[in-house]
Amino acid sequence: MDYLKELNPPQREAVERTEGPVMIIAGAGSGKTRVLTYRIAHLIYARGVDPFQILSLTFTNKAAAEMKHRIESLVGLDARNTWMGTFHSVFAKILRVESEKIGYPSNFTIYDTDDSKSLIRSIVKEMRLDDKVYKQGVVLSRISGAKNRLISWQAYQKDPFVKADDEAAMRPRMGEIYQKYQDRLFKSGAMDFDDLLFNTNVLFRDHADVLNKYQHRFKYVMVDEFQDTNLSQYLITKKLAAVHQNICVVGDDAQSIYAFRGADIQNILNFEKDYPDLFVVKLEQNYRSTKTIVEAANSIIDKNKAQLKKTVWTSNPDGDLIELIKATSDNEEGRIVATTIFEERNNKKLNNSDFAVLYRTNSQSRAIEEALRKMNLTYKIVGGLSFYQRKEIKDLMAYMRFTVNSVDEEAFKRIINYPKRGIGDTSVEKILVAAYDHDMPLWEVVQNAPNFLSGRAGSSVDDFATMIKAFQIEVERKDAFEAANFIAKQSGLLRELYEDKTIEGLNRYENVQELLNAIKEYVDNPENEDKSLGAFLQEIALLTDNDRDKDTTDAITLMTIHSSKGLEFKQVFVVGMEEDLFPSQMMMQSREDLEEERRLFYVATTRAMDKLYLTYALTRYRFGRLLNCEPSRFLEEVDPATIKVNKRMSATREMPGAMRQEGLPGGSGFIGLKKKPESRVPSQMKIHTPSPDFKPSNTNNLQAEQLVEHPKFGFGKVEKIEVEGLNRKATIKFEHFGEKTLLLSFAKLRIID
DNA sequence: ATTCGGGTCGTTTTT
DNA sequence: CGACCCGAAT
């Protein structure tokens with residue numbers, strides 16, 4: 001039991017108190033993850049609990065993976081058998097087994113936000129409502145909010161308060177949309193994210209035997225980031241723990257920053273009421289930050305009324321004062337951040353990865369990125385467009401989804417005419433209408449297309465159905481990887497991408513390859529018993545970009561404060577400390593909103609271990625308008641004893657000589673990419689027939705000014721040649737297609753001399 | 001089937 | 001300002 005010696009008394013108490021309801025209030029940097037992992041290890045080691053009986057729920061896959069990894073190194077492979085994952089993934093797994101009891105197929109699809117929005121759009125359109133009033137986002141968040149509070153569409157329509165709300169917002173038919181939305185999801189054999197939790201509640205409510213089974217299976221239930229749970233999640237946990245009462249929640253009310261998506265801070269503030277014999281442990285010693293930073297953070301959060309009393313302290317050294325930096329503009333702010341990182345890194349022998357720049361809104365990253373790039377500092381952006389949201393990935397996944405669950409409407413709409421097979425919107429509409437009019441499953445209609453569509457469209461859909469049937473046979477016989485490969489090839493999707501030799505096209509092709517690799521890895525992983533495509537799809541539906549292998553490159557991290565939770569860095573910059581930006585003007589409707597912004601500021605400051613910088617700009621552009629910015633009220637709230645106003649770096653300042661030279665190659669420090677412009681090729685010109693004698697030339701000696709022929713884009717003139725790493729890129733101006741940049745190692749070009 | 005022009009709107013984000 | 005959506009025009 002050596003590991004217990006590594007813990008301080010409250011941590012140890014939190015680990016050893018395994019029986020009965022426990023709430024661990026864990027201040028920032030107080031070793032929360034360590035306590036959680038040791039607690040699980042302790043259950044297995046000291047108490048002899050079967051890992052199979054321990055359920056731990058987290059908020060991100062990353063947190064779950066990290067914890068699993070740490071337990072494994074503590075306990076060994078036994079740890080594999082504990083149930084650990086996000087609320088959504090754990091209950092998706094359970095629903096997969098039990099869904100038929102509530103009328104869903106066991107191979108149900110999970111709709112992501114895009115699918116949900118697209119479905120809402122169709123419904124609003126079909127109801128002939130104004131989509132400017134019933135905006136997808138608004139409608140979805142309203143429905144989502146209801147589901148998170150366990151309000152079914154029936155209850156929604158009956159509730160007079162809800163009704164009054166919707167009418168006041170000039171959206172009286174919201175209840176109807178909710179009903180139709182649920183109906184369509186059901187008929188598509190699909191659940192959205194909120195349904196995974198909502199339906200688990202339904203399952204446990206209506207099927208006592210099922211609830212009983214899981215209540216007895218999970219003798220110990222643990223919830224991480226408890227301050228971020230919504231009602232739906234909380235009730236599931238409560239039900240599961242009702243028999244053994246071994247429920248342990250870990251959280252920090254001071255870091256509750258997700259109210260806007262249904263998290264209810266009252267869950268943590270009122271937890272005691274639900275469990276009168278609750279044992280509360282407070283972890284108040286901070287191991288992460290300097291005294292200065294801890295004091296500053298405390299001075300902010302103390303202003304909040306709604307909070308659990310605790311005093312976070314540290315025995316770490318005082319450290320440097322927080323630097324408050326005033327910049328004249330957002331670009332200067334970026335420059336100051338970049339030069340400061342550059343100097344600090346060299347003076348203190350730090351790595352890029354020791355630095356983070358945090359902002360309130362994603363759009364603020366631009367100025368910072370520009371400045372970092374100019375100084376050739378490597379950076380990465382966390383968040384932004386996810387891998388799984390890329391069009392090419394969603395397309396292939398839609399094929400796989402439809403093969404597995406051939407009533408999935410959103411998947412159907414995505415692939416029925418991509419690659420093009422002459423089935424336009426009208427035909428698609430006819431198919432869907434037919435399905436609803438005759439109350440037939442979508443797949444029935446597709447299989448009998450000629451009955452519903454005339455002429456060419458009918459036979460095209462027929463061919464499509466034949467193809468899908470071939471896929472289904474493949475899926476039944478082969479594992480996920482082989483089936484996915486088959487689908488990617490036979491659908492024509494891979495070929496479509498392969499033929500596009502532009503940089504963006506290559507990226508898309510590589511992305512698809514990467515997805516296929518991920519499937520291969522999934523199949524090869526002995527931990528995954530079910531190697532079918534269906535099983536893989538279920539796994540991947542709940543992944544986000546943050547879960548993918550992060551590159552090992554040493555880079556400065558840029559992200560929003562929200563996504564910084566749980567992380568730590570030696571030096572942290574919080575930029576954009578201006579009134580109305582942070583705290584955000586849009587957010588500030590009530591005292592609660594101000595308090596949430598304050599907690600957000602608390603989260604930001606407590607990411608820093610050694611040094612914290614707060615910066616603001618006096619002018620900033622927003623929506624094309626020049627703003628005059630006042631320093632944020634938060635700057636006034638921070639204990640002034642912890643701050644020094646940095647005159648040295650404010651105002652205009654010379655950059656170090658080495659940085660000043662013009663024409664430094666900018667691009668190499670650039671890892672993150674927020675948005676890739678799609679290459680737009682005018683369709684009439686798509687088909688260039690290569691000359692009969694077309695043979696790709698050796699492009700090793702390709703020069704500017706030379707004339708070339710491309711099999712797809714036709715004739716063009718080389719504008720310039722660049723070297724990027726091992727690759728050479730040629731920018732070529734084509735007769736009809738304009739400028740394209742091609743990678744020479746891939747492009748097939750014929751040199752015309 | 002695509003493209004272009006006009007109009008709108010603009011947090012935070014996980015699953 | 002600029003991204004996105006939609007409808008009119010090709």
Side-chain angles (χ1 to χ4, degrees), chain A residues 57-64 85-92 110-118 121 125 130-132 135-138 141 144 147-148 191-198 225 228-230 232-233 256-263 358-364 366 382-386 388-389 417-418 420-426 538-547 559-566 576 580-589 593 596-597 599-601 603-604 620-627 674-675 677-678 680-686:
Chain A
L57 298 165
T58 59
F59 268 79
T60 60
N61 294 304
K62 210 169 158 190
T86 62
F87 273 93
H88 290 85
S89 71
V90 166
F91 295 111
I110 298 169
Y111 273 12
D112 69 9
T113 312
D114 291 340
D115 296 320
S116 297
K117 282 187 179 163
S118 149
R121 216 176 79 186
K125 215 169 182 177
D130 184 352
D131 56 7
K132 294 205 171 63
K135 281 182 283 195
Q136 317 158 25
V138 174
S141 77
S144 168
K147 285 185 191 171
N148 288 334
M191 299 193 198
D192 67 13
F193 290 133
D194 303 312
D195 282 337
L196 295 174
L197 305 171
F198 187 94
E225 303 281 9
D228 291 330
T229 47
N230 59 40
S232 179
Q233 290 166 319
S256 169
I257 54 173
Y258 283 109
F260 70 91
R261 67 173 213 238
L358 308 183
Y359 33 77
R360 176 71 235 263
T361 67
N362 271 317
S363 59
Q364 287 168 259
R366 206 216 73 244
V382 177
L385 189 64
S386 142
Y388 300 103
Q389 284 180 307
N417 200 27
Y418 182 80
K420 301 217 160 36
R421 32 177 92 81
I423 303 165
D425 290 347
T426 341
Q538 125 124 69
E539 194 87 358
I540 208 170
L542 296 169
L543 285 185
T544 63
D545 206 45
N546 294 346
D547 306 322
M559 64 189 151
T560 61
I561 299 167
H562 279 91
S563 41
S564 74
K565 191 150 66 151
D580 293 344
L581 183 60
F582 189 28
S584 158
Q585 186 180 29
M586 310 217 126
M587 201 55 227
M588 303 271 288
Q589 311 281 329
D593 293 336
E596 174 148 334
E597 293 282 308
R599 290 193 291 268
L600 199 51
F601 189 37
V603 168
R620 191 181 291 277
Y621 284 92
R622 191 154 36 150
F623 311 149
R625 294 224 166 284
L626 183 65
L627 303 177
K674 274 182 81 174
K675 222 149 254 168
E678 297 275 318
R680 286 258 160 262
V681 176
S683 66
Q684 306 92 304
M685 302 172 179
K686 217 155 209 162

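Computed over heavy atoms, backbone and side chain alike; hydrogens, waters and symmetry mates excluded. Just so it is clear: chains get the letters A, B, ... in the order the sequence lines come, proteins before strands, and each one is counted from 1. Note that the coordinates shown come from a computational prediction; the quantities given were computed from them, not determined experimentally.
- If you take NZ of A:Lys135 and C1' of B:dT8, they are 9 Å apart, rounded to a whole angstrom.
- Annotation: side-chain contact (heavy atoms from CB on, under 4.5 Å) contacts of A:Glu597 (sequence neighbours excluded): A:Arg360, A:Phe582, A:Pro583, A:Ser584, A:Met587, A:Met588, A:Leu600, A:Phe634.
- In the set B:dT11, B:dT13, B:dT15, the nucleotide with an atom closest to the side chain of A:Arg360 is B:dT11.
- Residue A:Asn61 places none of its side-chain N or O atoms closer than 4.0 Å to OP1 or OP2 of B:dT14.
- The distance between atom CG of A:Leu600 and atom P of B:dT13, rounded to the nearest whole Å, is 9 Å.
- With sequence neighbours excluded, the residues that form a side-chain contact (heavy atoms from CB on, under 4.5 Å) with A:Phe260 are A:Tyr258, A:His562, A:Glu596.
- Between the C1' atom of C:dC1 and the CZ atom of A:Arg620 lies a distance of 15 Å, rounded to the nearest Å.
- Between A:Asp112 atom CG and B:dT14 atom P there is a gap of 13 Å when expressed in whole angstrom units.
- Which of C:dC6, B:dT12, B:dT13 sits closest to the side chain of A:Thr361 comes down to B:dT12.
- Distances shorter than 4.0 Å separate some side-chain N or O of A:Asn362 from OP1 or OP2 on B:dT13.
- Remark: ring of A:Phe260 not stacked against base of B:dT11; the cut-offs of centroid gap under 5.5 Å and plane tilt under 30° are not jointly satisfied.
- Interface remark: the A:Thr113 side chain does form a donor-acceptor pair with the B:dT15 base, using a distance-only criterion of under 3.5 Å.
- B:dG10 atom C1' lies 18 Å from atom OH of A:Tyr621, rounded to whole Å.
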